[in-house]
Amino acid sequence: QVQLVESGGGLVQAGATLRLSCEGSGPPFSSYAMGWFRQAPGKEREFVAAITWSTGTTYYSDSVKGRFTISKNNAKSTIYLQMNNLKPEDTAVYYCAAQRRPTVQAIRVPSEYDAWGQGTQVTVSS
């Protein structure tokens, strides 16, 4: 059973930087993709970024491309989301998720993920 624990959220000003971490445990992640999603109050959960564990292929939403970077540390079973030049519209609860046997079609779809972390709050003030 996959377990995911996020950390690194906080309250920052616009233009600041944060790095989120997600440590996974459970079965080997070689056949998984790991994704970051976010959910703001009153809004649906939206895709932010994803990375395939085996090849390191990355995917980004248009709203964060060029500002956020997803990466992984195989030895620590941990993925990261480096968030630069944060904007107030980035304010949300950020969730880490795992998708077994990912496909290009499914990697951006929340309902296609098999396990979720508890979430970490990111608040960006203007």
Side-chain angles (χ1 to χ4, degrees):
Q1 183 177 357
V2 175
Q3 292 187 321
L4 305 170
V5 179
E6 302 100 334
S7 61
L11 171 62
V12 297
Q13 291 188 330
T17 294
L18 275 177
R19 189 176 80 157
L20 306 183
S21 300
C22 173
E23 182 175 359
S25 61
F29 288 107
S30 57
S31 62
Y32 282 78
M34 306 295 287
W36 286 100
F37 292 79
R38 65 188 182 186
Q39 188 165 18
K43 294 188 176 181
E44 293 186 353
R45 192 167 297 189
E46 66 169 346
F47 171 78
V48 175
I51 187 167
T52 58
W53 206 268
S54 58
T55 64
T57 304
T58 57
Y59 304 81
Y60 295 96
S61 68
D62 289 342
S63 62
V64 307
K65 195 176 297 182
R67 298 189 298 124
F68 291 10
T69 302
I70 189 170
S71 62
K72 62 184 176 71
N73 183 317
N74 290 356
K76 295 184 178 180
S77 296
T78 298
I79 64 166
Y80 305 96
L81 186 67
Q82 178 71 36
M83 304 186 294
N84 298 332
N85 189 24
L86 282 161
K87 303 176 181 181
E89 51 264 41
D90 294 318
T91 296
V93 177
Y94 283 70
Y95 297 91
C96 171
Q99 182 179 110
R100 189 167 179 266
R101 302 189 186 283
T103 65
V104 173
Q105 295 80 6
I107 207 162
R108 299 171 185 266
V109 181
S111 61
E112 297 290 338
Y113 280 73
D114 303 292
W116 292 84
Q118 81 287 354
T120 185
Q121 177 71 46
V122 172
T123 303
V124 184
S125 63
S126 58

(request) Determine whether Val104 and Phe37 fall in the same hydrophobic cluster, where Ile, Leu, Val, Met, Phe, Trp and Tyr are linked whenever their side-chain heavy atoms lie under 4.5 Å apart. (result) yes
(request) Any chance you could measure Lys72, atom NZ, to Thr52, atom OG1, to the nearest 0.5 Å? (result) 7.5 Å
(message) Same cluster or not: Trp116 versus Ile70, using hydrophobic residues (I, L, V, M, F, W, Y) connected whenever any side-chain heavy atoms lie under 4.5 Å apart?
(response) no
(request) Return the minimal non-hydrogen interatomic distance between Gly9 and Val122, and the atom names on each side. (result) CA-CG2, 4.1 Å
(message) Quick check on the hydrophobic clustering: are Tyr60 and Ile107 connected, directly or via other members, by side-chain heavy-atom contacts under 4.5 Å?
(response) no
(message) Quick one, Leu81 and Arg38 - any side-chain contact, counting heavy atoms below 4.5 Å?
(response) no
(request) Enter the distance from Leu18:CG to Gln82:CD here, rounded to the nearest 0.5 Å. (result) 8.5 Å
(request) Decide whether Tyr113 and Met34 are clustered together by the hydrophobic rule: side chain heavy atoms of Ile, Leu, Val, Met, Phe, Trp, Tyr closer than 4.5 Å, transitively. (result) no
(request) Determine the minimum heavy-atom distance between Pro88 and Ala14, stating which atoms define it. (result) CD-CB, 4.1 Å
(request) Looking only at non-hydrogen atoms, find the nearest pair between Ala40 and Ala92 and report the distance. (result) N-CB, 3.8 Å
(message) Just verifying a value: how many Å separate Asn84 CG and Thr17 OG1, rounded to the nearest 0.5 Å?
(response) 4.0 Å
(message) Between Asp90 and Lys87, does any NZ, NE, NH1 or NH2 come within less than 4.0 Å of an OD or OE carboxylate oxygen?
(response) no
(message) When you measure from the centre of the six-membered ring of Tyr80, is the NZ or CZ of Arg19 closer than 6.0 Å and no more than 45° off the axis?
(response) yes
(request) Could you tell me which non-hydrogen atom of Cys96 sits nearest to which non-hydrogen atom of Leu4, and how far apart they are? (result) O-CD1, 3.7 Å
(request) Decide if atom CD of Glu44 counts as having more than 12 heavy atoms of other residues, nucleotides or ligands within a radius under 6.0 Å. (result) no
(message) Is it the case that the side chains of Thr123 and Gln121 hold a donor-acceptor pair, with the cut-off being a distance below 3.5 Å and no angle test?
(response) yes
(request) Indicate yes or no for a side-chain donor-acceptor contact from Thr91 to the backbone of Val124 under 3.5 Å, with no hydrogens or angles considered. (result) yes
(request) Please answer whether the main-chain N or O of Lys76 pairs with a side-chain N or O of Thr78 as donor and acceptor at a distance below 3.5 Å. (result) yes
(message) Between Tyr59 and Phe47, is the ring-ring contact (aromatic ring centres under 6.0 Å, His included) condition met? List the steps.
(response) CA-CA 10 Å; Tyr59 304 81; Phe47 171 78; 7.5 Å; no
(request) Answer yes or no: is there a side-chain heavy-atom contact under 4.5 Å between Pro27 and Tyr32? (result) yes
(request) Report yes if some heavy atom in the side chain of Thr120 is under 4.5 Å from a heavy atom in the side chain of Tyr95; otherwise report no. (result) no
(message) Are Phe29 and Asn74 packed together at the side-chain level, in the sense that at least one heavy-atom pair is separated by less than 4.5 angstrom?
(response) no
(request) Check whether any side-chain heavy atom of Glu6 sits under 4.5 Å from a side-chain heavy atom of Leu20, and report yes or no. (result) no
(message) To the nearest 0.5 Å, what is the distance between CG on Asp114 and CZ on Arg100?
(response) 8.0 Å
(request) Taking the side chain as every heavy atom from C-beta outward, state whether Phe68 and Trp36 have any pair of such atoms under 4.5 Å apart. (result) no
